Amino acid sequence: CSYVFWAMVWRMEAIPSGTFTFVQKFWPTYALMKSLWIDSTVSGGQAWIRDALDPRVISVSCLAGFGLFGLVKLLGIPASFFYAAVGGVSLFPHMALPMLLGAVVKRYWLERRFGVERWGQMAPLLLAGYGCGMGLVAMVSIAFSLIAKAIVQLPY
């Protein structure tokens with residue numbers, strides 16, 4: 001079935017094209033990153049990956065991370081704050097702000113309403129249901145999109 005599916009996709013229109021906008025926008029970036037990766041791992045190529053894996057940089061970064069974690073524990077702040085801060089630094093604002101808002105809602109509204117223990121039991125079930133629902137909605141949307149793109153309108 002996957003061969004039939006991919007044959008249908010490849011015959012709809014050229015990839016990348018206006019029909020496949022995600023591929024048209026991001027394919028050059030993925031191709032550039034892949035070529036840089038290959039070039040840096042081949043002998044005689046640029047060594048930007050090997051330069052990034054400098055033992056001194058890794059050692060200093062490791063010591064800084066352990067130092068910050070020790071400071072967080074010394075101040076009595078929960079360890080989850082440290083991991084959230086480290087993870088949040090690397091995110092774009094449009095991803096970090098909803099996560100922060102969700103954490104605030106959980107802490108100050110959901111835990112008070114349901115209790116910490118009961119909310120701890122409900123959260124995994126809620127997350128699983130949300131994930132399944134998002135997957136189903138995505139699959140139905142993709143199916144409608146592919147069907148709509150596969151239908152060719154004749155000019156007459």
Side-chain angles (χ1 to χ4, degrees), residues 1-2 5-6 8-9 12-41 48-151:
C1 287
S2 65
F5 171 76
W6 284 113
M8 183 187 88
V9 170
M12 275 197 273
E13 195 171 337
I15 299 175
S17 68
T19 302
F20 304 103
T21 53
F22 180 85
V23 176
Q24 186 176 14
K25 186 170 186 168
F26 290 105
W27 200 334
T29 305
Y30 291 147
L32 175 67
M33 292 306 295
K34 186 70 171 180
S35 65
L36 285 174
W37 180 265
I38 291 170
D39 186 46
S40 68
T41 57
W48 66 276
I49 290 180
R50 289 187 295 264
D51 292 342
L53 296 176
D54 183 12
R56 291 173 295 183
V57 173
I58 293 173
S59 300
V60 169
S61 301
C62 186
L63 289 174
F66 283 136
L68 286 173
F69 184 75
L71 181 66
V72 165
K73 292 306 278 182
L74 185 68
L75 294 174
I77 301 172
S80 60
F81 173 80
F82 174 78
Y83 292 114
V86 169
V89 166
S90 65
L91 292 178
F92 289 116
H94 72 278
M95 296 171 71
L97 292 177
M99 290 176 104
L100 177 65
L101 180 65
V104 169
V105 167
K106 173 215 169 234
R107 175 80 178 237
Y108 294 108
W109 186 63
L110 295 172
E111 284 184 353
R112 285 185 183 168
R113 181 166 183 198
F114 298 110
V116 175
E117 185 177 323
R118 186 165 176 232
W119 175 250
Q121 295 171 347
M122 292 171 57
L125 182 64
L126 181 66
L127 181 64
Y130 179 76
C132 290
M134 288 294 293
L136 289 172
V137 167
M139 290 298 112
V140 168
S141 301
I142 290 169
F144 283 143
S145 175
L146 287 175
I147 290 169
K149 290 176 183 176
I151 297 172

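Treat the numbers as computed from the prediction; the structure is a model and nothing was measured.
With sequence neighbours excluded, the residues forming a side-chain contact (heavy atoms from CB on, under 4.5 Å) with Ile38 are Lys34, Val42, listed by chain and number. Judged as a side-chain hydrogen bond (donor to acceptor under 3.5 Å, both in side chains), and not counting sequence neighbours, the contacts of Lys106 are Glu111. By the side-chain contact (heavy atoms from CB on, under 4.5 Å) test, Leu32 is found to be paired with Ser35, Leu36, residues two or more places apart in sequence or in another chain being considered. Partners of Ile142 by side-chain contact (heavy atoms from CB on, under 4.5 Å), not counting sequence neighbours, listed by chain and number: Met139, Leu146. In this view, Arg112 satisfies the side-chain hydrogen bond (donor to acceptor under 3.5 Å, both in side chains) rule with no residue, not counting sequence neighbours. Looking at residues two or more places apart in sequence or on another chain, you find no ring pair (Phe, Tyr, Trp, His ring centres under 6.0 Å) involving Tyr30.
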Enumerate, atom names and distances included, each donor-acceptor pair closer than 3.5 Å involving a side-chain atom of residues 75-97, sequence neighbours excluded.
unit_1, atom_1, unit_2, atom_2, d
Ser90, OG, Gly87, O, 3.0

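Atom CE of Met99 sits in a sparse spot, with 12 or fewer heavy atoms from other residues, nucleotides or ligands closer than 6.0 Å.
Residue pairs meeting the salt bridge (Lys or Arg N to Asp or Glu O under 4.0 Å) criterion with at least one partner in residues 59-71, sequence neighbours excluded, are absent. Within the structure, side chain to side chain donor-acceptor pair (under 3.5 Å) contacts touching residues 55-76 (residues at least two apart or in different chains) are Asp54-Arg56.
Ser145 places no side-chain N or O within 3.5 Å of a backbone atom of Ser141 that could act as its donor or acceptor partner.
The distance from the CH2 atom of Trp27 to the CZ atom of Phe20 is 10.0 Å, given to the nearest 0.5 Å. The distance from the CG atom of Leu63 to the CD1 atom of Ile58 is 12.0 Å, given to the nearest 0.5 Å.
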